[in-house]
Amino acid sequence: MKKVLLGIFILILIAGAGVGGYFIGKNVKGDGSTSAVTKEAVVEVLDNFSYGAGWIEKENSTAKATSNVQPYEEDVLDYNGYDDLIKAYIFFTKYALLNTDVQEKEFYYSTATYTMFDTQYTGNMGFYYEFGANCAFISIHDFDSDITVTIIVDIQPVQDNTYVMNILTDKGMVNKSYQEGFTIQQLYMDQYANQIYSYSSFTANTSKTNLTDITIDDVGDMHLFGCDIRTNQSINIYKDEIATEETYNFDALMNVYKEQVSRYSGVLFGNRDYGEIDALEKAYLNIGYQVI
C-alpha cells in the first residue's frame, strides 16, 4: 500500500475473556447456525465496523490476573497510530466487493496515487476473495512491499453476541519496520454495531516458517498491544515481558494465531491475469487523501 500506510502496521488480537480478551480465553466459535454469505452481507459487516469505529456516519442511526495490564481511562479506542491502515484495508475491500464485475476466486489489481504533506505516494494492490462457512476470506497483496494481508470477515456474531474481524499479515512489524515474521489482528464490535470496544495486536519478527514447533527463542522480538473501553484496561509489552507473563504468554498468543491461520490456506499473488478495478482510489478518497 503506499509507503506511509505501509510504514504503519501492527494491530489487534483479542479473544474472549481476559484483559479486553487479548488473545486468551474462549476460542471464537460460531453457534452452529448458517447464514448466506454474499458480497452484500460482507459489505454490510464492513460498514458496521466503520460505523462502530466512527469512521463513517450511520444513516438514521471478567479479567485474568496479569501484572502487565494498565488502567485505560479513555472513552475511545487507541489504535496505536494505525487507524488509516485499518481503514484502508476495510474501505478497499468494501469498494472491491461493490464492483459488480468482481467475482469470487478471481484476481484483481488496483492502483492509485495521492499526496500527503506535499509528498506523492502510489499504491499498487492485488485483491482476491472467497466465501467460507458464515465468513469471507479476503486476500490483499501490496505489490510494492510484497506483503499479503488476509482479512477474515465473519458475517454474524460469533462469540457472546459480538462481531469479530481477524486480520493477518505475512510479515512481522515490531518497532514499525516490516521484517520476516507475522502479525495477527482482531477487532471486536458489539452486536448492535454501535461501537468497536476492543482492539489489540500481536506481531513477531522471526525467520521460522514452521509454526508447529516454534518457541520464544525462535523470535527476535515481539509486541503485544491492546486496549478495551469496556474493561478500561490496556496492555503494551514486548518480548522480555511476554517471556515472564503468566496470562499473555508466548504459547497462549501463538495458539490464537495458529487457530486463525488454520481457517484458511491462502492464495499466492504474482504472475497472473488480473482484472483492473478502481477500489484503491475510492478507498483513499474515503480516508480523506487527496487523490491525483
Side-chain angles (χ1 to χ4, degrees), residues 8-30 42 45-46 48-50 52-53 55 63-64 69 72 76-83 85-90 93 132 134-140 149-173 181-191 193 195-204 211 222-231 233-237 242 247-248 250 252-264 266:
I8 52 176
F9 187 83
I10 56 190
L11 352 225
I12 145 182
L13 251 199
I14 32 193
V19 179
Y22 309 130
F23 322 109
I24 315 301
K26 295 170 286 185
N27 291 334
V28 176
K29 301 293 183 183
V42 176
V45 173
L46 294 174
N48 285 339
F49 271 96
S50 298
W55 297 330
K64 297 183 178 181
V69 171
Y72 186 74
V76 295
L77 284 177
D78 177 5
Y79 292 95
N80 203 27
Y82 306 124
D83 310 47
L85 186 62
I86 305 172
K87 286 190 286 187
Y89 289 148
I90 290 177
T93 298
N134 290 325
C135 69
F137 300 104
I138 311 297
S139 295
I140 299 173
V149 176
T150 300
I151 305 176
I152 304 176
V153 182
D154 292 291
I155 67 166
Q156 65 184 77
V158 295
Q159 178 182 305
D160 298 334
N161 293 320
T162 61
Y163 287 90
V164 184
M165 184 181 297
N166 291 276
I167 305 175
L168 302 97
T169 190
D170 61 355
K171 293 287 177 67
M173 207 197 102
F182 60 86
T183 301
I184 179 166
Q185 320 162 64
Q186 292 179 330
L187 299 165
Y188 272 46
M189 180 177 65
D190 71 272
Q191 62 178 313
Q195 183 180 63
I196 297 177
Y197 65 85
S198 190
Y199 160 90
S200 56
S201 68
F202 176 54
T203 185
L211 299 180
M222 66 188 80
H223 181 210
L224 169 62
F225 173 88
C227 60
D228 191 302
I229 57 179
R230 287 187 173 180
T231 63
Q233 294 172 312
S234 66
I235 193 167
N236 185 19
I237 56 177
I242 293 173
T247 302
Y248 304 113
F250 179 73
L253 297 175
M254 283 303 304
N255 284 340
V256 174
Y257 176 66
K258 292 175 184 178
E259 178 185 16
Q260 296 304 323
V261 168
S262 69
R263 297 178 66 184
Y264 182 57

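Nearest approach of L211 to Y257, heavy atoms of both residues: CD1-CE2, 3.2 Å. Scanning all heavy atoms of the two residues, the minimum distance from T231 to D228 falls at N-OD1, 3.0 Å. Minimum heavy-atom separation, T183 to K171: OG1-O, 3.0 Å. The two residues I196 and I229 come nearest to each other via the heavy atoms O-CD1, 4.1 Å.
Inter-residue side-chain proximity for Y197 and T162 is flagged as met; some heavy-atom pair is nearer than 4.5 Å. Side chains of Q195 and L77 form no contact here, defined as non-hydrogen atoms less than 4.5 Å apart. Annotation: side chain of N166 is in contact with side chain of D154 (closest heavy-atom distance under 4.5 Å).
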**OP:** Apply side-chain contact (heavy atoms from CB on, under 4.5 Å) to the pair L85 and Y79, showing each step before the final yes or no.
**Re:** CA-CA 10 Å; L85 186 62; Y79 292 95; over 6 Å; no

Original post:
side-chain contact (heavy atoms from CB on, under 4.5 Å) between L168 and I152: does it pass, once the steps are laid out?
Top reply: CA-CA 8 Å; L168 302 97; I152 304 176; 4.0 Å; yes

**OP:** For side-chain contact (heavy atoms from CB on, under 4.5 Å), just list the numbers for T93 and V153, CA-CA rounded to whole Å, side-chain angles, deciding distance to a tenth of an Å, and then say yes or no.
**Re:** CA-CA 10 Å; T93 298; V153 182; 5.6 Å; no

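The aromatic rings of F182 and F202 sit perpendicular to each other, their planes meeting at more than 60°, with 30° as the lower class boundary.
Under the ring pair (Phe, Tyr, Trp, His ring centres under 6.0 Å) criterion, Y264 pairs with F137, sequence neighbours left out. Partners of N236 under the side chain to side chain donor-acceptor pair (under 3.5 Å) rule, at least two apart in sequence or in another chain, are H223. Residues that satisfy the side chain to side chain contact (heavy atoms under 4.5 Å, CB included) test with V76, not counting sequence neighbours, are absent from this structure.
Looking only at distances, a side-chain donor or acceptor of Y72 sits under 3.5 Å from a matching main-chain atom of D78.
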